[in-house]
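Okay, so here's the structure we're looking at.
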Amino acid sequence: MRKELEKVYAPKQFEDRIYRFWMEKGCFRGVIDPEKKPYTIVIPPPNITGQLHMGHALDETLQDILIRFKKMQGYAALWVPGTDHASIATEAKIVERMKEEGLTKEDVGREGFLTRAWAWKEQYGGRIVEQLKKLGSACDWSRERFTLDEGCSKAVREVFFRLYEEGLIYRGERIINWCPHCCTSISDAEVEYEEQAGHFWHIRYPLADGSGSLELATTRPETLLGDTAVAVHPDDPRYRHLVGKTVILPIVHREIPIVADEYVDPEFGTGVVKITPAHDPNDFEVGRRHDLPVINVMTDDAKIVEDYPKYAGMDRYDARRAIVEDLKAEGVLGEVEDHVHNVGTCYRCGTTVEPRVSLQWFVKMKPLAGPAIEAVKNGETRFVPERFEKIYFHWLENIRDWCISRQLWWGHRIPAFYCDDCGEMLVTDSTAPVCPKCGKEMRQDPDTLDTWFSSALWPFSTLGWPDDTEDYRYFYPTDTLVTGYDIIPFWVMRMMFSGLKQTGKAPFHTVLIHGLVRDEQGRKMSKSLGNGIDPLEVIDRYGADALRFMLANGNSPGNDMRYSDDKVKAGRNFANKLWNAARFILMNLSDNITEVKLPAELEDKWVLTRLQRLIGEATENLERYELGVALSKITDFLWDIFCDWYIEVVKPRLQEGGKTAEDAQQVLLTVMSAALRLLHPFMPFITEEIWQAIPHDAESIMEAPWPEVDEGLIFSDDAASFEAVIETIRGIRNVRAEKNIPPSRKSTVYIETAEGSLFQQGAPFYQRLASAGEVLIADRFDDLPDAIQVVTDKAKVYLPMGDLIDLAAEKERLTRERDKVVDELKRLNGKLANENFVNRAPAAVVDAERQKLKKAEERLKNIEESLAKL
RNA sequence: GGAGGCAUAGCUCAGCUGGUUAGAGUACCUGCUUGACAUGCAGGGGGUCGAUGGUUCAAGUCCAUUUGUCUCCACCA
């Protein structure tokens with residue numbers, strides 16, 4: 001059944017309705033079909049704490065374009081949606097909320113806390129999903145997943161067991177990044193560095209034998225409480241003789257050794273370094289090499305521990321001030337320099353990270369990184385654009401073991417159990433194991449896993465792995481992963497090594513990387529700046545299609561883009577244009593019009609030829625992930641070729657009625673139908689709404705086939721002829737505009753040409769499109785009145801306009817044109833006279849130049865003949 | 001310290017593996033109640049493609065150097 005189109009393009013009136021229609025029809029469902037090839041994308045699962053922002057909007061739009069395109073191309077397309085439990089972010093939210101009630105985690109206990117967290121998830125976790133729907137995302141919601149659901153949890157445990165069995169997961173005391181605010185360890189990838197102004201305090205450590213002192217410099221004097229050595233370079237002549245002696249640690253007055261270690265740079269500072277293995281990653285390594293004790297001086301929330309009564313309970317910065325004062329009092333403080341250095345901060349809360357030795361679980365990375373590097377090197381997986389492979393390699397080649405335990409409750413609990421009696425440890429799927437050694441009840445590790453541990457399994461855990469499901473067999477490996485460059489190290493890399501390790505296959509063959517959406521001034525959109533643009537507001541004002549247009553148009557892979565209201569408006573305007581073109585066609589469409597088989601007129605052949613070219617090019621661009629290029633070609637075609645030329649040219653035929661009108665209607669329908677389908681991946685709502693209104697086969701445009709090039713509708717010569725007509729019309733418009741002649745003032749048009757039949761076909765258009773009165777065509781006109789002249793390579797056009805004609809000006813204008821053509825001829829002749837060019841350039845290029853030369857020569861001849869008549 | 005991006009019309013940006021006289025949107029200027037659309041139509045001005053050098057018959061496109069700018073990584077205590 002055909003529907004009417006409203007007079008005004010008002011996306012709000014149909015976008016939600018159409019989304020429901022798709023849902024009810026099951027258009028988004030990925031259906032296993034052995035006859036088809038699968039095409040799978042898994043969504044980068046947004047955090048349940050999140051709201052849709054422009055970054056999501058871009059990410060989802062790109063995925064949606066690919067899914068819709070592939071589906072129309074006949075693939076069994078599946079887009080798996082879902083959300084991420086986001087352990088730190090969510091836990092922080094819940095803790096915050098409890099704080100308002102005056103409660104802490106400890107007050108409610110683990111069970112109570114998790115109950116609250118799940119309740120929160122039920123209440124708010126669906127928000128972002130609803131927002132994705134507003135965008136038009138063609139996700140298979142029947143397969144929606146959550147990183148903490150039963151299936152994902154099973155996959156997580158399975159991977160944990162496997163890696164543990166192989167010794168790739170281990171528990172140990174290592175130095176890790178600790179966030180004193182979130183009170184948990186975080187991984188290297190979760191640390192962000194920022195420049196901070198600080199100081200460089202010089203401190204003298206007296207030698208134990210009283211023979212003097214060693215001066216060193218530090219940015220963190222408070223850590224001296226945990227110093228267990230000072231180090232110098234083994235070859236440093238200044239200090240070599242002191243190695244093996246001891247110094248007295250100021251304030252604490254502990255005797256600590258002087259060690260020699262290559263790590264020390266003699267050129268930097270005084271060439272002496274205090275070693276605090278518990279609070280600095282490098283010092284930790286030095287400590288291991290020299291078997292130094294590790295003294296932790298801080299609590300979980302970065303306060304000084306009770307072993308140092310004078311500072312106990314002081315926050316690390318207060319302790320710093322106090323210790324500096326005490327050093328001064330002790331007379332060991334030297335120079336204090338200003339110093340700018342980079343400080344690690346928690347990506348979540350911005351708190352300065354405290355490196356800290358602690359007992360954590362780790363994944364051994366080296367054995368996993370190798371295959372992940374290899375898979376990209378050998379092309380099993382490729383990045384678009386390619387340059388991001390470098391970032392990927394860099395991370396994997398320099399990777400350290402991954403700290404996966406988090407001191408949080410919201411997440412996948414580590415399946416390890418300890419016997420408090422005998423110290424036995426057991427990794428098991430059982431929920432209440434007994435100690436295999438002493439038979440006692442065991443206590444489960446209180447920690448949970450890094451959120452990214454479960455995200456890393458997303459491409460296969462969502463498809464049923466570790467079970468051998470139909471989905472997994474058919475849809476895995478997935479095809480394209482779409483994500484921002486900022487999460488390559490967090491996610492892409494980890495999915496790669498996890499997929500390769502667990503499934504033996506790379507989880508996807510292509511990683512399509514996009515950039516950030518910045519604000520109009522080019523700044524990163526952020527909460528603190530308050531410059532974020534809410535995509536939902538934009539959709540509310542302009543429609544989802546306009547927003548999607550803005551995000552896809554003029555954006556190329558890997559590059560950042562700027563949001564701007566004007567760009568969204570451009571999208572809305574284009575939608576409006578398309579809307580009105582469709583309305584125009586519907587107004588003029590007789591019953592039982594079918595798509596064209598044999599185009600009748602020149603303009604029909606032209607527009608169909610251009611359409612075939614568009615189909616070929618847009619398809620190729622899409623296949624190469626050049627989405628923005630494809631969209632702008634489709635837009636240009638619809639607006640310039642179809643609306644501004646074809647529809648205008650064909651209006652008189654539609655008025656006339658009869659066969660010629662029906663022929664035109666067939667072409668209008670053919671072109672509209674194909675162009676709608678080409679545009680559909682980018683602007684799904686409006687294309688569906690129009691699709692429903694025009695005669696159509698498939699019930700939904702989503703089920704319509706992607707257009708293919710029809711060789712039978714390519715008419716190169718006719719198309720070229722029509723271009724000549726267009727050129728002439730443009731020429732007439734130009735001179736009329738130049739002379740400010742109002743359209744109401746018509747003029748007889750004399751066309752002097754050797755190709756009379758061609759221009760005869762174009763004759764009706766001059767009246768409509770070039771304000772022509774009578775049109776006369778001949779090989780030669782004698783005794784023409786004075787006229788304005790338009791000269792192309794195929795014709796001389798005369799516009800006798802009585803009082804408007806200034807012969808001297810005409811002569812000048814034509815002379816200028818002649819000079820231009822002469823210059824061009826000179827250039828072309830020069831090029832073609834160059835033997836190197838003719839011999840070495842491809843024949844096609846040389847031919848094209850010869851064609852140009854011919855055209856220019858014709859044009860020059862015509863101009864000169866015209867001039868002669870003046 | 002290392003790596004990379006970007007630099008093209010006033011503004012925002014396309015320009016794929018080098019091949020017309022470098023494009024679009026927007027802004028600007030001039031006309032237009034052209035019965036689909038003023039969210040529009042027609043026309044116009046505006047760029048020595050950051051700089052220098054090189055490769056090539058041919059460079060916005062490839063190479064080197066350089067300037068500005070942004071980002072990522074490392075983090076010398």
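Within every chain, numbering begins at 1; the chains are lettered A, B, ... in the order of the sequence lines, protein sequences first and strands thereafter.
In a base pair of the Watson-Crick type (N1 to N3 plus N6-O4 or O6-N4) or a G-U wobble (N1-O2 and O6-N3), with each distance short of 3.5 Å, B:rG53 is matched with B:rC63. Summarising the base pairing, B:rU69 is matched to B:rG5 through a Watson-Crick or G-U wobble pair whose two defining distances lie under 3.5 Å. B:rA22 makes up no base pair with any nucleotide shown, lacking Watson-Crick or G-U wobble contacts both under 3.5 Å. Figure legend. B:rA42 is base-paired to B:rU30; pairs are counted as Watson-Crick or G-U wobble with both atom distances under 3.5 Å. Look at B:rA36: it lacks any Watson-Crick or wobble partner with both distances under 3.5 angstrom.
At a threshold of 4.0 angstrom between heavy atoms, the contacts of A:R733 are confined to the sugar-phosphate backbone, with no base atom among them. Residue contacts for A:T219: at a heavy-atom cut-off of 4.0 Å it reaches the sugar-phosphate backbone alone, with no base atom in range. Contact annotation for A:A848: no contact, since no heavy-atom pair falls under 4.0 Å across all strands. Across all strands, A:F388 comes closer than 4.0 Å to no nucleic acid atom at all (heavy-atom distances). In this structure, A:K852 reaches the bases: a heavy-atom distance under 4.0 Å links it to at least one base atom across the strands shown. No engagement by A:K855 is indicated, since no non-hydrogen atom pair under 4.0 Å with the nucleic acid exists. Base engagement by A:P842 is indicated by at least one non-hydrogen atom pair under 4.0 Å involving a base atom. Residue contacts for A:H233: at a heavy-atom cut-off of 4.0 Å it reaches no nucleic acid atom on any strand shown. A:K577 comes within contact range of at least one nucleobase, with a heavy-atom separation under 4.0 Å. At the heavy-atom level, A:W395 lies under 4.0 Å from the strands shown only through sugar-phosphate atoms. Residue A:D265 is classed as a base contact, given a heavy-atom separation below 4.0 Å to a base. A:N559 comes within 4.0 angstrom of the backbone, heavy atoms only, and of no base. Residue contacts shown for A:Y193 include a base, since a base heavy atom lies under 4.0 Å away.
Side chain to side chain, A:D261 and A:H290 meet the donor-acceptor criterion of an N or O pair below 3.5 Å. Side-chain polar atoms of A:Y646 and A:D644 form no donor-acceptor pair below 3.5 angstrom. Side-chain atoms of A:S556 and A:E626 form no donor-acceptor pair, as typed in the model, at a separation below 3.5 Å. For the residue pair A:N621 / A:R624, no side-chain donor-acceptor distance below 3.5 Å is found, with atom types taken as modelled.
Rounded to whole Å, the distance from CD1 on A:I391 to C1' on B:rG5 is 9 Å. Going from atom CD of A:Q521 over to atom C1' of B:rU69 covers 17 Å, rounded to whole Å. At whole-Å resolution of the value, CZ in A:R400 and P in B:rA74 are 9 Å apart. Atom-to-atom, OH of A:Y205 to P of B:rA77 comes out at 15 Å; the value is rounded to the nearest Å. Regarding A:R859, its CZ atom lies at a distance of 15 Å from the P atom of B:rU21, rounded to whole Å. A:R624 has its CZ atom 13 Å from the C1' atom of B:rG15, to the nearest Å. Between the CD atom of A:E6 and the P atom of B:rC37 there is a distance of 15 Å, rounded to whole Å.
Under the 6.0 Å cut-off for aromatic ring centres, A:F549 and A:F682 do not qualify, their centroids lying 6.0 Å or more apart.
For the pair A:D636 and A:R827, both in contact range of RNA chain B, the more 5′-proximal nearest nucleotide belongs to A:R827. Of the two residues near RNA chain B, A:D640 and A:S632, the one whose nearest nucleotide lies more 5' is A:S632.
Comparing B:rG10 with B:rC28, their C1' atoms are spaced 8 Å from each other, to the whole Å. B:rU17 sits 12 Å from B:rU61 when the P atoms are compared, rounded to a whole Å. When the C1' atom is compared between B:rG60 and B:rG23, the two are found 12 Å apart, to the nearest whole Å. Taking atom C1' in both B:rC13 and B:rA74, one finds a spacing of 33 Å when rounded to whole Å. Annotation: B:rU26 and B:rG43 have their P atoms spaced 15 Å apart (nearest Å). The separation of B:rA38 from B:rU33, taken at their C1' atoms, amounts to 10 Å, rounded to a whole angstrom. For the P atom pair drawn from B:rA64 and B:rA3, the interatomic distance equals 13 Å after rounding to whole Å. Using P as the reference atom, B:rG15 and B:rA7 are 9 Å apart when rounded to the nearest Å.
Geometrically, A:K651 engages A:F584 in a cation-pi contact, judged by NZ or CZ lying under 6.0 Å from the ring centre and within 45° of the ring axis.
The base of B:rA24 does not come close enough to the side chain of A:K633 for any donor and acceptor atom to sit less than 3.5 Å apart. A donor N or O paired with an acceptor N or O is found under 3.5 Å between the base of B:rC75 and the side-chain atoms of A:N342. With hydrogens and angles left out, the side chain of A:R562 and the base of B:rU12 share no donor-acceptor pair within 3.5 Å.
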Q) Step by step, would you call A:F685 with A:W579 a ring-ring contact (aromatic ring centres under 6.0 Å, His included)? A) CA-CA 11 Å; A:F685 293 109; A:W579 185 263; over 10 Å; no

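Nearest to the side-chain atoms of A:N740 among the listed nucleotides B:rA3, B:rU39, B:rU30 stands B:rU30. Of all nucleotides listed (B:rU39, B:rG5, B:rG25), B:rU39 comes nearest to the side chain of A:V8. Considering only the side chain of A:N576, B:rU39 comes nearest among B:rA36, B:rA77, B:rU39.
Exactly one residue among A:M550, A:H514, A:R518 makes a side-chain contact (heavy atoms from CB on, under 4.5 Å) with A:M561. That residue is A:M550. Partner A:F383 forms a side-chain contact (heavy atoms from CB on, under 4.5 Å) with one of A:I488, A:I391, A:L512 and no other, that one being A:I488.
The side chain of A:K831 places no N or O atom within less than 4.0 Å of a non-bridging phosphate oxygen (OP1 or OP2) of B:rU20. Phosphate proximity of B:rA77 to A:K274: absent, as no side-chain N or O sits under 4.0 Å from OP1 or OP2. The phosphate of B:rA14 (OP1 or OP2) has a side-chain N or O of A:S556 nearer than 4.0 angstrom. OP1 or OP2 of B:rG25 has not a single side-chain nitrogen or oxygen of A:W639 nearer than 4.0 Å. Contact annotation: A:N734 reaches the phosphate of B:rG44 (side-chain N/O to OP1 or OP2, under 4.0 Å). For the OP1/OP2 pair of B:rG40 and a distance below 4.0 Å, the side-chain nitrogens and oxygens of A:N573 include at least one atom meeting the criterion. In this structure, A:H339 reaches the B:rA77 phosphate: one of its side-chain N or O atoms is under 4.0 Å from OP1 or OP2.
Below 30°, between 30° and 60°, or above 60°: for A:F200 and A:H339 the angle between ring planes is below 30°, a parallel geometry. Note: A:Y485 and A:F388 have parallel aromatic rings, judged against thresholds of 30 and 60 degrees for the angle between ring planes.
Scanning residues 642-650 of chain A for heavy-atom distances under 4.0 Å to RNA chain B yields A:C643, A:D644, A:I647, A:E648.
Every residue meeting the side-chain hydrogen bond (donor to acceptor under 3.5 Å, both in side chains) condition with A:E849, not counting sequence neighbours, appears here in chain and number order: A:K852.
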